[in-house]
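Accompanying notes for the structure given below.
Everything numeric here is computed off the predicted structure, so don't read it as measured data. Numbers for residues simply follow the sequence, beginning at 1. For ligands, and for the atoms within them, numbers begin at 1 and follow the listed sequence.
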Amino acid sequence: MRIVLLGAPGSGKGTQAQRLTKLYNIPQISTGDLLRAAVSTGTELGKQAKQAMDAGNLVSDEIVLGMIRERLQASDTENGFILDGFPRNLSQADSLDKLLAELGQPLDTGLLIDVDFDILMKRLTGRLSCKQCSTVYNRYFSPPKVDGVCDVCGSTELYHRADDNEETIGNRLEVYEKNTAPLIDYYDKQNKLIRINGVGEMEDISRAMQAELAKL
Ligand code: AMP
């Protein structure tokens, strides 16, 4: 199963992607995670990406495409993959189609998780991630059982991302509207779009997603 997950920042893409990886035994490939890893290990690529990321702007297509090209050729993508946070604009979507054609692995679907703007704001300003195992929490909607401690691995390193402050969030949502939202039409025109309502219980959203994917 080869999936592009679409949705604004805060739509729950990351969480749903983690579920899909277990269900289909395919990796979640997040360009945001790959970029944050490059920033924290201080690679040249990380240094180039950091400024754009801190401001909530997009990193250059060239950097992101290079990372994706390499990642999609790893052996764990044999059964497919879930792309989370890539493509982010029409030019990346076009490059992805070409790359997948080259690899003989066309996309099955663009899966959109649809959420209203107000809810997105609260979800983003409340977001916490575990530094050790990447589990995602929200201090308003889904806090860890014990304050400050990861339910999954017990780590106390729960952090609020540097780009999750209100100003940057506003910018990230604008960047999404302008650059990424046009991808909804792009996949719709290819008859590959699946639209899921992203507001409600996580379990219900997962179930709706699975039901749609089972029809492919
Ligand atoms: P995310 O974790 O997907 O919200 O990504 C965090 C930040 O990484 C974004 O705000 C961008 O600065 C950068 N980024 C992630 N994916 C991409 C992409 N496909 N193209 C350009 N920049 C990206």
request  = Identify whether the distance between the nearest side-chain nitrogen and carboxylate oxygen of Asp118 and Lys122 falls below 4.0 Å.
outcome  = no
ask   = Thinking salt bridges, do Glu203 and Arg19 make one under a 4.0 Å N-O criterion?
value = yes
Report all side-chain donor-acceptor pairs from residues 30-38 shorter than 3.5 Å, counting only partners two or more places apart or in another chain.
from, atom 1, to, atom 2, distance (Å)
Ser30, OG, Gly32, N, 3.4
Ser30, OG, Asp33, N, 2.9
Thr31, OG1, Gly85, O, 3.0
Asp33, OD1, Arg36, NH2, 2.9

Gap separating the CD1 atom of Ile29 from the CD1 atom of Ile3, nearest 0.5 angstrom = 11.5 Å
Using a 3.5 Å cut-off and no angle test, enumerate the donor-acceptor pairs between side-chain atoms of residues 64-72 and protein atoms at least two apart in sequence or in another chain.
from, atom 1, to, atom 2, distance (Å)
Arg69, NH1, Glu102, OE1, 3.3
Arg71, NH1, Asp76, OD1, 2.9
Arg71, NH2, Asp76, OD2, 2.8

request  = Return the protein residues near ligand 1 (heavy atom under 4.0 Å from any of its atoms), ordered by chain and residue number.
outcome  = Thr31, Gly32, Leu35, Arg36, Met53, Asn57, Leu58, Val59, Val64, Gly85, Phe86, Arg88, Gln92, Arg161, Asp163, Arg172
Per-pair distances, 0.1 Å, donor-acceptor, side chain in residues 45-55, under 3.5 Å, sequence neighbours excluded:
from, atom 1, to, atom 2, distance (Å)
Lys50, NZ, Asp54, OD2, 2.5

